[in-house]
Structure formats: C-alpha cells, structure tokens
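A short worksheet on the structure shown next.
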Amino acid sequence: MTPDQLAAAIRHAVVTSIAEGDLALEPAQVPDEVAVERPRNPDHGDYATNIALQLAKAAGTNPRAVAELVATRLRDVRGIAAVDIAGPGFLNITLDAATLGEVARSVVVAGETYGQIDRYAGTKVNVEFISANPTGPLHLGHTRWAAVGDAIARVLEAAGAEADREFYINDRGLQMDKFGQSLEARALGTEPPEGGYQGEYVTDLAQVVVASDPGILELTGDARWEAFREAGYALQLQQQKEVLDAFNTHFDVWYSERTLHSSGAVERGMAKLREQGHMFEADGATWLRTTDFDDDRDRVLLRSNGELTYFASDTAYYLDKRARGFDVCIYLLGADHHGYVNRLRAVAACAGDDPDVNIEVLIGQLVKMVKGGEEVRLSKRAGNMITLEDLVDEVGVDAARYSLIRYPVDSPLVLDLDLLVSRSNENPVYYVQYAHARIASVLRNAAELGIDWRATEADLALLTHDRETALLGLIGELPRVVGTAAELREPHRIARYLEELANGYHKFYDLCRVLPMADAELEPINISRLWLCAAARQTLANGLAMLGVTAPDRM
RNA sequence: GCGCCCGUAGCUCAACGGAUAGAGCAGCCGGUUUCUACCCGGCUGGUUGGGGGUUCGAGUCCCUCCGGGCGCACCA
C-alpha cells in the first residue's frame, strides 16, 4: 500500500462516517487529499494523519472523537495492522508487514519510472535560467542557476510536465559593443574603454580572434570593433554551450535577443499590449501602464529617441513564450534583479494573462565563496572571478551540482571551497553516491554467488526488522517528495530526501546481513533483503537522476 | 524614504501550520571474526534575533521593533 493509497483509504473512512451519520459534516468539507506523513518517531507507527484535528471544529466535536470514528473504520481496511489515537487526535497507522513489504516489489517493477507522477501531465512549462551575456565565462552565480534550473526542469518532468530549458542570449545592446571594443583594444595592445571588460580572458580571446582571422586588424573604424564583437560573441557562446554541456545541463532552446527583434516578435508583442489597452504615450516615449498591476512605476517601452528599451525585449520575450504554447513561464533571476518581479508579473497581467498562473519569477540569493577563511570576491569586470569551469575542475560535476542544489535558493549560500575541495565525506553527495555503490556491490556479489533473486519468489512479509520497515517507508516516499519538490520548485527537497534514504540504507546494512555467510544456506530472508536492496538502489538512482547527478556502481 | 529576501546549535544549513526543532562539520566516547569503514551507535551543544497576535497547535501565518543582504533609470 502506497502512502497515496492510504490517504485515499482514510478519506474513504471519513466519508463513510459522514454518510452513516456519525460525523456532522458535508462531504465537501473533507479535503481532496488527506495529509499523510511519516512520523519522526517510529513509535508512532508507519504513517500518521492529522485529519481528525482538522475536521473536529467543523464537526462540532473534539478531535479524539473524530479520530475514534475514523480509526474504527480504518481497522477493517485490508493491509492496515493497527490504528492508534495519540496526542491531541493524531491517527497513527501501522501497516502489516506484507503490505509494507510490497513497496519493494512495486519499486523494482517500476524501475526507472518509479517516482514519476502525473501531477503536471499536459502542462507545458518553460524554465529560463542563466541567460548571460555572451561576453565572458559563466561565473559562480550562473553555475547555481545551471544546476538548480536544470534540476527544476528535471523534477517537473518527473512530475509529468513537459519542461523546456531555455537560455536567453543577451546579444544586443551596449554591453555587446563594450565587449567588442574591449577585444579590439586588447588585440591592439591598448586598454579597454571606460566600463569595458577588464578580465584577463579578454586578452586571450582577442588573440584567438586575431589568430583565426588576421585580416580583422586591417579593418578600420567601427567595422573593426564590430567584427571583434561578432567573432568574440561566437566564441563565447560556443564556450558557454560546451561548458554547460559538460556540466550536464542541456538547453532545449538558445534564444537570441537579436532574433526576437529580427523575427518581428517585438512588434507582435507591442501590438498585443496595445490591443489590451495598457500602453500610453508621454514625454515623447511609449509606456506600459504596469502600475495597473502592482508595479510601483510605469515602464518605458520605446524611448523618446526612438530606441526600444530592454524592458521592451523582456515583454516581447514573455509574449513569445506564451505564443509558443507554454502554460507556465518560470524565470530564475538573481537577487539583484528582484525589482523585476513585479514588472514581469505586470507584463503578464497587461497581456491578459493570470500572473499567478502563467508566470513565475524565482529569485535566488547570491552565492558567496570562502577560501582560507576569507571571502572570495567575484567580479566579472575585474576579471578576478570563479568560473563554472573552475568549480568543476576543483570538485567535479557531481559534487558541484549537488552542493548547489541541496540548498533552497532564497537564502544566500556560503560555500567553503576548502571543504568542497577536500573530497571528504563532509560533502553529502559522496554519502548518497556511496550508498548507491554499496548496494550495487551487494547485488554484484549476489550474482556471483549465483543468486537470481529476481526469479525467486520473495516473501516480503519477512521484512520486519526496525531498520527494514524504516527503509521501506523511506523508499515509499519518493513520489510524494517529487510532488512537493515540483510544486514548490524546490529540488533541494530531493537531495535532502536522498540523504535520509542513504542514511536509512546504511543503518539497515549495518544491522541486517543481506547475503548468506560463506558457510550458510540461502534463506528466504536473503531473497527478501535483496529485493529491498534493489528497491533502495533504484530509488537512489532515480532521485539522483532528477538532480543530474550520476549514480555510480563503484566508488 | 519605499520595496524584496534573510535571521534556527560554535560553523554550514534542514524542517508541505503538527507530536520531544533536526543533519553534517567541529569536540568527546564506542562499534564490524565475513556483503564497500566514504559506514553505524552514543554524548555534548537551542529562549528558532526581541515583543505582541491568529489557533487545537507557530521556526513556519499577521503586526511591530532590531540586525544583515539586495534593489528602487527614457542603463543593459
């Protein structure tokens, strides 16, 4: 019996109580999904529900009385071994061993699909993240989004959504020109212009550009720095793509801001907004009245000098995504862009969309790095920065991704480089991966002993040890963790869950011998435990896949 | 001044409004005759920044104060 099935059984017991006149409630007052959780304290059974506490007031009685009514009916449900009422009115439910043990079989049978749910079936989601200028390497802030954004997409896919990862290339405007001028300057051996790019990589890049096209130096005037800009753009974009690919983050769409303009998407967007009646002219400029929808000031789309603002691009881009059929547009932005949240939501509202449904802006706080007890300052302009590649070189893709995903993004993150570099078990990714490798090893050994557990009838009711039931309970949680992680857009919940699961396995392994000792006969419990091992391995592997982290068979 | 985010153990951080606030690291003490010790168990460590409120129940929601980060362009 899965937790969801149990929740349904509880709900049925409540509805039956109402139907039979024992509970003075309307069926509509019963929540669609009854909350079922695993109690922290094992003495409180396999599962607990607070349904009696929630309904007591509306039913005009006390929680324990409601609990009693529900408990009586639950005790008749096949698979439920015991129902206790505890504390203010919690229902503590214990499943019988065979019923709980079946979790192992169902996980093994489901294989790679275990953990997938259909909550977002039919929903098309666009997840946009990083969206850096193609003017330099990706830094640590980008790296956080690379890991988290991709994990959000993976989790949404596991929850049934069709999720596209999208990278918006900021390839238009002043920054690009400064980039071209900086490259030109370095190629000529002079200093970049005011506000230009100072990083050492600019000099290297300039050399690469000249080496591949020596004729570029023959150009004169604006044509020269524009040529540098275009050549540098192509190289940097290619480099970003390669780096992200190696980082196991694969974008479905690389969307160029220039394309947005050349394709007519901007005109279409402006027309749509004009149609909706939220545009106006003032001081020679064209504005969008975002203050109609919670923004603190109106925003200029078309400047009085005839140039489109960056905001115009943002607006057109959102509308283009919607036109491409995405139901939900998720943006991951850095904390320094939190001022954009209201204006982006207002754009959706101005376009006639529901900002609470169609657009979602996630704000991530900054990543700080500490090394040798001192903060490492990141500055693209100064060139003294830590790049995605630096981090990967130091700790590897798996550890980098995992460390960045395992924390919620709305609080600032301080990574201690020394700890990350130390490759000790202080890094939880090793702990989780090790659990997977350990199981893989046991399964290998079983095969060498000639034990074909899959082909052997397993009595899963034998899994009654505390560590076994605890592990089974943990394994059964994955689908619900996926649901929560997807709904809240919080992939760190998967990571935390995997750490708990790994811990549950190590504890089991410590006290429960899986394979027969050298001189012992193969017993039924060995087979049952192999099924449990296989289920735990599958669950770890599936969870790690949702984070884009590998599940090694050997370490 | 206005707005957003944050404040939890010595450090880094968890905790869909649920039961005794948990992990890792740091410190101390133990554990495996056999499947991976990158493991397991125990101890020490907290007025969840302060104060009010909402309710069966608040780290979580509301108000307020304190402290920290970030943002408030016809820049990109």
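- Using P as the reference atom, A58(B) and C65(B) are 24 Å apart when rounded to the nearest Å.
- For Glu360(A), the side-chain contact (heavy atoms from CB on, under 4.5 Å) partners are Val328(A), Ile330(A), Leu362(A), Arg489(A), not counting sequence neighbours.
- Spacing between C61(B) and C43(B) at atom C1', rounded to whole Å, works out to 37 Å.
- Heavy atoms of Asn503(A) sit under 4.0 angstrom from primed sugar atoms or phosphate atoms, though from no base atom.
- No engagement by Ile363(A) is indicated, since no non-hydrogen atom pair under 4.0 Å with the nucleic acid exists.
- Base pairing analysis places C72(B) opposite G1(B); the two distances defining the Watson-Crick or G-U wobble pair are each below 3.5 Å.
- Using the six-membered ring where Trp is involved, Tyr505(A) and Tyr509(A) have ring planes that are tilted, between 30° and 60° apart.
- Taking 3.5 Å as the limit, the base of G3(B) and the side chain of His338(A) contain a donor-acceptor pair of atoms between them.
- When rounded to the nearest whole Å, the span between CD of Glu499(A) and P of A23(B) equals 13 Å.
- With both ends at atom P, the span from G46(B) to C2(B) equals 38 Å, rounded to whole Å.
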For this session: Applying salt bridge (charged side-chain N to carboxylate O under 4.0 Å, His left out), run through Arg513(A) and Asp510(A) and close with a yes or a no.
Result: CA-CA 8 Å; Arg513(A) 175 80 199 188; Asp510(A) 202 47; over 6 Å; no

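- One P atom belongs to G7(B), the other to G59(B), and the distance between them is 14 Å to the nearest Å.
- A close approach under 4.0 Å does not occur between any side-chain nitrogen or oxygen of Asn526(A) and OP1 or OP2 of C35(B).
- In this structure, C39(B) forms a base pair with G31(B), meeting either the Watson-Crick or the G-U wobble geometry with both donor-acceptor distances under 3.5 Å.
- For the pair Tyr431(A) and C40(B), the criterion of a side-chain N or O lying under 4.0 Å from OP1 or OP2 is met.
- The side chain of Asp336(A) lies closest to G71(B) when the candidates are G71(B), C38(B), C40(B).
- Contacts of Ala56(A) with the nucleic acid, taken as non-hydrogen atoms under 4.0 Å apart, are absent.
- The base of C35(B) lies outside donor-acceptor range of the side chain of Ser441(A), with no N or O pair under 3.5 Å.
- Within the nucleic acid shown, Asp294(A) has no heavy atom closer than 4.0 Å to any nucleic acid atom.
- Separating the P atom of G50(B) from that of G10(B) is a span of 14 Å, rounded to the nearest Å.
- As a whole-Å value, the separation of Tyr505(A) OH from C40(B) P is 12 Å.
- Residue contacts shown for Arg444(A) include a base, since a base heavy atom lies under 4.0 Å away.
- For the pair Arg345(A) (side chain) and Pro355(A) (backbone), a donor-acceptor distance under 3.5 Å is present.
- Every residue two or more places apart in sequence or in another chain that forms a ring pair (Phe, Tyr, Trp, His ring centres under 6.0 Å) with Tyr317(A) is listed here: Tyr168(A), Tyr255(A).
- Both Ala435(A) and Trp287(A) sit near RNA chain B, but only Ala435(A) has its closest nucleotide nearer the 5' end.
- Using a 4.0 Å heavy-atom distance criterion, Gly87(A) is classed as making no nucleic acid contact.
- Separation of the C1' atoms belonging to U32(B) and C40(B) is 9 Å when rounded to the nearest angstrom.
- Taking the six-membered ring for Trp and thresholds of 30 and 60 degrees, Phe280(A) and Trp287(A) have nearly parallel ring planes, at less than 30 degrees apart.
- Note on Arg480(A): nothing from the nucleic acid sits closer than 4.0 angstrom, heavy atoms only.
- Applying the side-chain contact (heavy atoms from CB on, under 4.5 Å) test to Val36(A) and every residue at least two apart in sequence or in another chain returns Leu6(A), Ala7(A), Ile10(A), Tyr47(A), Arg480(A).
- Under the side-chain contact (heavy atoms from CB on, under 4.5 Å) criterion, Asp84(A) pairs with Asn92(A), not counting sequence neighbours.
- Nucleic acid contact for Ala518(A): base, since at least one base atom lies under 4.0 Å from a heavy atom of the residue.
- Using the Watson-Crick or G-U wobble rule with both distances under 3.5 Å, G10(B) pairs with C25(B).
- Following rounding to the nearest Å, Arg64(A) (CZ) and G57(B) (C1') show an atom-to-atom distance of 15 Å.
- Spacing between A21(B) and G57(B) at atom C1', rounded to whole Å, works out to 14 Å.
- Judged by atom type and distance alone, Asn92(A) reaches the base of A19(B) through a side-chain donor-acceptor pair under 3.5 Å.
- Contact annotation for Asn62(A): no contact, since no heavy-atom pair falls under 4.0 Å across all strands.
- Qualifying side-chain contact (heavy atoms from CB on, under 4.5 Å) partners for Asp466(A), counting only residues two or more places apart in sequence or in other chains: none.
- In this structure, A15(B) makes no Watson-Crick or G-U wobble pair, since no nucleotide meets both defining distances under 3.5 angstrom.
- Separating the P atom of U20(B) from that of U48(B) is a span of 14 Å, rounded to the nearest Å.
- At the phosphate of A73(B), neither OP1 nor OP2 sits under 4.0 Å from any side-chain N or O atom of Arg303(A).
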Problem set entry | Annotated protein contacts, base or backbone, on nucleotides 9-17 of chain B with a non-hydrogen cut-off under 4.0 Å, one of B, S, - each | ---SSSSB-

